[in-house]
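Input: a single structure, listed below in structure tokens.
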Amino acid sequence: MDYNFNNIEKKWQKYWEDNKTFKTPDDLTNPKKCYILDMFPYPSGAGLHVGHPEGYTATDIYSRYKRMKGFNVLHPMGWDAFGLPAEQYAIQTGTHPSITTKNNCDTFRRQIKELGLSYDWDREINTTDPKYFRWTQWIFIRLYNTWFDDTIQKGRPISELQVPDDIRKKGPAETVKYIDSRRLAYYDNAQVWWCPNCRIVCANEEVLNDGSHEKCGHRVEKKNLKQWMLRIPLYAERLLKGIDTVDWPEGIKDMQRNWIGRSTGAEVDFSVEGLAEKLTVFTTRPDTLFGATYMVIAPEHPMTGQITVKEHADAVNDYIKASSLKSDLDRTDLAKEKTGVFTGRYAINPVNNKRIPIWIADYVLTGYGTGAIMAVPAHDTRDFEFAKKFNLPVICIQDPDVQDSEQKARILEGNECWTEDGKYINSSDKSTGIDINGLNKEAGIQKIIKWLESRNLGTARINYKLRDWLFSRQRYWGEPFPVIHWEDGEISLLDDKELPLMLPDLEKYLPGDSGESPLSNADMWLTVTDAKGRKGRRETNTMPQWAGSCWYYLRFIDPKNDQLIFDHEKEKYWMPVDLYIGGAEHAVLHLLYSRFWHKVLFDLGIVSTDEPYMKLFNQGMILAFAYETETGMKIPADQVVEKEGKFYHGEGGPLLRQIVAKMSKSLKNVVNPDDVTSKYGADSLRLYEMFMGPLDVTKPWDDKGVKGVFNFLGRTCRFFGSLENIYEGPEDPEVLKGLHHLIKKAEGDIENLRFNTAISAMMIFLNLATKKGKVSHDTACQFAKVLAPFAPHLAEELWQILGNKNTLAYEPWPVYNEEYLKEDNFEYPVSFNGKMRFSILLPVSMSKEEITKAVLADDRAKKWLGGSAPSNIIVVPNRIVNIVVKN
RNA sequence: GCCCGGAUGGUGGAAUGGUAGACACGCAGGACUUAAAAUCCUGUGACCAUAACGGUUGUGCGGGUUCAAGUCCCGCUCCGGGUACCA
């Protein structure tokens, strides 16, 4: 039978759709459940990219396999469809973003369906659908009404928050202020990055290192705006601990840990000459207090005004102004050159009562720790650079653990910085009574913290890099906040019954002039009046794109529920997600934000698991070949001519180098999945994406490679689709062995997401079957089953040709029989001194002694021994023989 | 700078410490064909050698552990990703 993939694929896609083959039954009685999730895409106007099907095919193979293993499988797909491109298109053309979004979703859906992916389309969700974002708003209300109880490390309803009496006495305004200060969501002024080009606020994460906006490349500025923020750092410890409980790649776990950035140390209070107020610093090295020769506070520190003495005020103000104008670019570029200014004032070092100068410098950040540091130039490289530049004293207080005596001398003299361990010197003071001389780092830190705490000078402290999450955007195309700002200053949230709060239709989508979102133009929508006639204005910010993707996996469980966010019995059954596959670019933000929301929902009893995603896997990026000249100039792929395996810039042009690069329009090396499916079919595309290499590595796309799997499918079709190759009766032992070997291999490989080697095993079996010329009907059916998760269209077709009536999507996965895999003989490689010289076929049952005897009796062994006696013989049964000869 | 990966034929890649290069592409030769495409068969790391056998060498570089190292340990080089003065 010819391999007519077009007919076969259309036929089976229609069959699956008509029969709702992959509709997940709402059967909560099957104890074997498996929730297999893809990171749902943002449906861009460009359509599907070959990177998308990589992860989708992997989860599809896994899903189909699990169904055949008798699992109840939840495998849904949806759209993360809020986002800027549709809004910018609306600004340009006046087309409502919902129309653009719908069109893009339709394209994506069509393309995905053409790949034969076994999604339950009845569960399709769309973050822009009011029936969906109603619940996103609902979760926001929960966040607003939750506080974090540090003592039990748990989020609790705000109604359970005890307001201290001294605050209650100050009146209702102070009480509200106190309560607001504990909510997980709060509204406050925040200095944010502002992109003048897009006229939107950008999250820190969206600003690139060079100070440009990730989306448009324009330089961003700082701007003060009222913003919604989420107190994610309160969950830092929980987020950190949870990482240890999930089956994720270690690299991703590390990235999350680093992002949370826990560091232990101490807060130390320094008294300031002439001021009542103390200056508090955070340090991870309180043990180096004796080496603190100056202090630095951030330019944005609230005490800069008080600390700066008159004579230095001008210089300080100039410096603060200058640094406030700096973008990240400047701060990074100037990282090599430290800047700073002296305030004229001195602090007192608590360990020895010495006066040390207070400086202002922008290498100290306002958002981390207390925004102030004690500088220990002898043992911190940044402080060292600064001290050298401004001629501040460097006092070495640790005898370094180094051999090099010259280096040791330089360190002791304060001419080189030492950040490793060593025994303390110069670290005692009679007047204060502290002495850590002779101790090493760990003991020194313990002793100093104890001392500080006993004197109320400081306290042990844990700090996190993780910052509050800026949770609002000045955009139209996002979830509206269910929030009203009343004229008397009160903020109130909508009642659950009033959800969803819809987006108003607009004439124009341009942002408001002051940086407000386009919603500020929607007068009718904007103003509200309560029963008492009080006027209010709706929140004009909308939520960031993260909001919808933070919890979508939960809605898939019960996507059409109008009464509840989801049915709780269903949630208990399906959660957690068993396998989650997506790109590593979401390793930190999406996964961290999503885990945070999930933990809040868990604390409130809305979900039943502490972590949402049990096993995570990141597919590698798919790159493409690109071409460059000797000098490294990139040449678009359409100008390249291939001749005898070499590449030239045009006919007769200069020789080019083939390199591997990201697919890009400028390099003209973008591969469109539609082109691949029209030429080779969806099964070939699927198979090639999996055959290219391990799922998690980045790998280049090679059109020639598709041919390999296409050939395999063609040969499969011609062999198993031709009934003259199939007979009724017992199977040949060699074929039987090959088949069961394949079943075992494919099963293990699918479980471990090693699809490339599973496909190779199928090719090996096909080669064997072709060589034999005929296989039994049973063998053919088993093979179709193994093929089914990978190339489902062709597998269904073969299954039908072989006389079966139903879809094989739910046929039981074949069981391999170890009996068939048993070998009578093993071909022993015989090495001499580790070098393989010849092999010898021996029965597997042979004892070590017999093997030794048989090998030594062989003429070839005699040749390699050359008359001398072996000094050692290592026999590993069914593996190897190694003979050691001394010469 | 720091953190995390990676380096194996012409190419993508395979290999529980135990026969390096499975499988596939490409290439070469052959069959079929008037011819081409498609398909099928054979060969294919490099080097030396041969009528045939065979041998040497080989997993980025330098050391080490081991009977045995692509795999484990130490020290580098290069490439990719993440991150940016986090006290």
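Side-chain atoms are counted along with the backbone in the values below, which use heavy atoms only and exclude waters and symmetry mates. Each chain gets a letter, A, B and so on, in the order its sequence line appears, and its residues count up from 1.
Side-chain N/O atoms of Arg754(A) include none lying less than 4.0 angstrom from OP1 or OP2 on rA22(B). Contact check, Asn258(A) against rC4(B): no side-chain N or O comes under 4.0 Å of OP1 or OP2. Contact annotation: Arg257(A) does not reach the phosphate of rC4(B) (side-chain N/O to OP1 or OP2, under 4.0 Å). A close approach under 4.0 Å does occur between a side-chain nitrogen or oxygen of Asn756(A) and OP1 or OP2 of rA14(B). In this model, the phosphate group of rA87(B) is approached by a side-chain N or O of Ser263(A) to a distance below 4.0 Å at OP1 or OP2. Under 4.0 angstrom from either OP1 or OP2 of rU57(B) there lies at least one side-chain N or O belonging to Lys835(A). Dashed line: the shortest gap from a side-chain N or O of Lys707(A) to OP1 or OP2 of rG26(B) is under 4.0 Å. When the side-chain nitrogen and oxygen atoms of Lys704(A) are compared with OP1 and OP2 of rC27(B), none of them lie within a distance under 4.0 Å.
For Asn767(A), the listed nucleotide lying nearest its side chain is rA24(B); candidates were rA20(B), rA24(B), rA87(B). Closest to the Met763(A) side chain, of the nucleotides rC85(B), rC40(B), rA24(B), is rA24(B).
Within the 4.0 angstrom heavy-atom criterion, only backbone atoms of the sugar-phosphate kind lie near Thr283(A); the bases stay farther away.
Computed from coordinates, the Phe719(A) CZ to rC40(B) C1' distance equals 14 Å when rounded to whole Å. Across the protein-nucleic acid pair, Leu623(A) atom CG and rC79(B) atom C1' stand 13 Å apart, rounded to whole Å. In this structure, the NZ atom of Lys699(A) is 22 Å from the P atom of rC23(B), given to the nearest Å. Spacing between atom CZ of Phe826(A) and atom P of rU19(B) amounts to 8 Å, rounded to whole angstrom units. Atom pair Arg467(A):CZ and rU83(B):P shows a separation of 12 Å (rounding to whole Å applied). The CG atom of Asn872(A) sits 13 Å away from the P atom of rU66(B) (whole-angstrom rounding). Remark: P of rG81(B) and CE of Met621(A) are 7 Å apart, rounded to the nearest angstrom.
If you check rC85(B) for Watson-Crick or wobble pairing at under 3.5 angstrom, you find it has no partner at all.
Taking the nucleotide of RNA chain B with the nearest heavy atom to each of Met374(A) and Gly708(A), the more 5' of the two is matched to Gly708(A).
In rG9(B) the O4'-C1'-N dihedral to the base is within 90° of 0, which defines a syn nucleotide.
The shortest distance between side-chain heavy atoms of Pro249(A) and Asn618(A) falls below 4.5 Å.
Comparing rC41(B) with rA24(B), their P atoms are spaced 11 Å from each other, to the whole Å. Comparing rC2(B) with rU56(B), their P atoms are spaced 44 Å from each other, to the whole Å. Using atom P as the reference point in both rU11(B) and rA46(B), the two lie 12 Å apart (nearest Å).
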